[in-house]
Amino acid sequence: MINVYSWPTPNGHKVHIMLEECGLRLGRDWQVHPVNIGAGDQFKPEFLKISPNNKIPALVDPEGPDGKPIALFESGAILLYLAAKTGKLLPKTDRQKFEVLQWLMFQMGGVGPMLGQAHHFRLYAPEKIDYAVNRYTNEAKRLYSVMNQQLSTHRYMAGNSYSIADIAIFPWLRSWQNQGIDWADYPQLKAWFDKIAQRPAVKRGVEVLADLRKPITDDKARDILFGKTQYQKR
């Protein structure tokens, strides 16, 4: 059984969805181990052995490519690994594969970091910094516009087939309100979002650990998540 170390965040949900889309079922083919990032579990020595960058998600497959266990961190790498392992959601031809990979990189380098910053400065920052709020809100809107334009001529993010690019991007848009987004400005992207949200595997994936997610109201939890180091050395 594949072991997934995760928390109900966009990056965690990417892997939960991917496993389910690949036909791997929670409780049968994989199991999840909560890593409470609000309590600092990501800094525990046993987790750092799997994920040296102290970030969720991480995955341990007892049956790796050579028949031996493999441990992986970084959600994009995990999506690629699962696609290779199952032969699903990544095209076989080079042209189509690279079209998918460029949109996966778009998520990893742009959508995730920038929407995360917009979310942080609009909602969680201990003091309101107008420059940061405007900077990251505007960048979020720009990224939404890029995706909206792409979907004006394609069924899915990387073409006409559902892929790991869609799985990578979708969870990040579930917090659109906290990113300062009005869906009315992005009709093609909203139609895509609604279509992805109705997929059975997606519905199952976003429910994994969802009951553990609570609003961040505790100062200690906020400090752990957003850079204060005194709790990281516990």
Side-chain angles (χ1 to χ4, degrees), residues 5-17 34-44 47-48 51-58 73-79 103-148 157 167-183 185-186 189-190 193 197 205-206 208-234:
Y5 300 82
S6 188
W7 196 245
T9 68
N11 283 333
H13 286 320
K14 284 156 59 174
V15 174
H16 309 159
I17 292 169
V35 179
N36 188 338
I37 59 176
D41 288 355
Q42 67 272 37
F43 302 109
K44 292 182 176 179
F47 181 68
L48 291 174
S51 182
N53 195 33
N54 59 261
K55 303 291 184 182
I56 63 95
F73 67 101
E74 288 295 330
S75 58
I78 294 172
L79 294 188
W103 286 97
L104 175 64
M105 297 303 115
F106 170 81
Q107 186 279 305
M108 300 298 295
V111 169
M114 295 298 101
L115 299 192
Q117 291 293 338
H119 197 152
H120 169 69
F121 282 106
R122 292 175 59 87
L123 197 65
Y124 293 134
E127 59 180 293
K128 188 174 186 293
I129 304 172
D130 289 336
Y131 173 79
V133 169
N134 293 334
R135 174 182 174 85
Y136 291 111
T137 300
N138 288 337
E139 179 62 5
K141 292 178 179 180
R142 188 190 71 81
L143 292 167
Y144 271 69
S145 293
V146 171
M147 293 183 283
N148 190 70
M157 201 61 67
I167 292 173
I169 291 170
F170 171 80
W172 281 100
L173 308 193
R174 296 178 71 227
S175 296
W176 54 275
Q177 288 175 305
N178 294 329
Q179 299 154 10
I181 295 299
D182 183 348
W183 272 132
D185 296 329
Y186 313 98
L189 183 58
K190 180 61 162 61
F193 180 86
V206 298
V208 175
L209 301 179
D211 58 330
L212 300 180
R213 187 73 183 266
K214 297 178 181 178
I216 300 172
T217 56
D218 178 78
D219 287 341
K220 181 177 177 181
R222 184 181 288 107
D223 288 347
I224 290 172
L225 285 172
F226 301 125
K228 299 294 181 65
T229 59
Q230 61 264 38
Y231 305 114
Q232 298 178 10
K233 299 176 181 179
R234 300 188 301 178

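Atom NZ of K141 and atom CG of D182 lie 8.5 Å apart (nearest 0.5 Å). Within the model, atoms CE of M108 and CH2 of W103 stand 15.5 Å from one another, a figure rounded to the nearest 0.5 Å. A distance of 10.5 Å separates CD of E74 from CD1 of I56, quoted to the nearest 0.5 Å. Rounding to the nearest 0.5 angstrom, the gap separating the CE atom in M157 from the CZ atom in F170 is 11.0 Å. Note: F106 CZ to L143 CG = 5.0 Å, rounded to the nearest 0.5 Å.
V35 has its side chain out of reach of K44: every pair of non-hydrogen atoms, C-beta onward, lies at least 4.5 Å apart. At a threshold of 4.5 Å between non-hydrogen side-chain atoms, the residues N36 and W7 count as touching.
What you find for P34 and L209 is that their closest heavy atoms are CG-CD2, 3.8 Å. Of all the heavy atoms in Y186 and S145, the pair that sits closest is CE2-OG, 3.4 Å. The two residues D41 and F47 have their closest heavy-atom pair at O-CB, 4.0 Å. For the residue pair A118 and A140, the shortest heavy atom distance occurs at CB-CB, 4.3 Å. The shortest heavy-atom contact between L104 and G76 is CD2-O, 4.3 Å. In this structure, L48 and Q42 approach most closely via the heavy-atom pair CD2-O, 3.5 Å.
A centroid separation of less than 6.0 Å is found between the aromatic rings of W183 and F193.
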For N11 and K55: C-alpha separation, side-chain torsions, deciding distance, then whether side chain to side chain contact (heavy atoms under 4.5 Å, CB included) applies.
CA-CA 9 Å; N11 283 333; K55 303 291 184 182; over 6 Å; no

Using the rule given for side chain to side chain contact (heavy atoms under 4.5 Å, CB included), can you reason through R135 versus Q117, listing the C-alpha separation, both sets of side-chain angles and the distance that settles it, and then say yes or no?
CA-CA 9 Å; R135 174 182 174 85; Q117 291 293 338; over 6 Å; no

L189/Y144 under side chain to side chain contact (heavy atoms under 4.5 Å, CB included): CA gap, chis, key distance, verdict:
CA-CA 8 Å; L189 183 58; Y144 271 69; 3.4 Å; yes

Going through the checks in order, is the side chain to side chain contact (heavy atoms under 4.5 Å, CB included) test met by L115 and H119?
CA-CA 6 Å; L115 299 192; H119 197 152; over 6 Å; no

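A donor-acceptor contact shorter than 3.5 Å links the side chain of Q179 to the backbone of W172.
A side chain to side chain donor-acceptor pair (under 3.5 Å) with S6 is found for exactly one of H16, H13, K14, namely H16. No option in V206, I17, T9 other than I17 meets the side-chain contact (heavy atoms from CB on, under 4.5 Å) test with P171.
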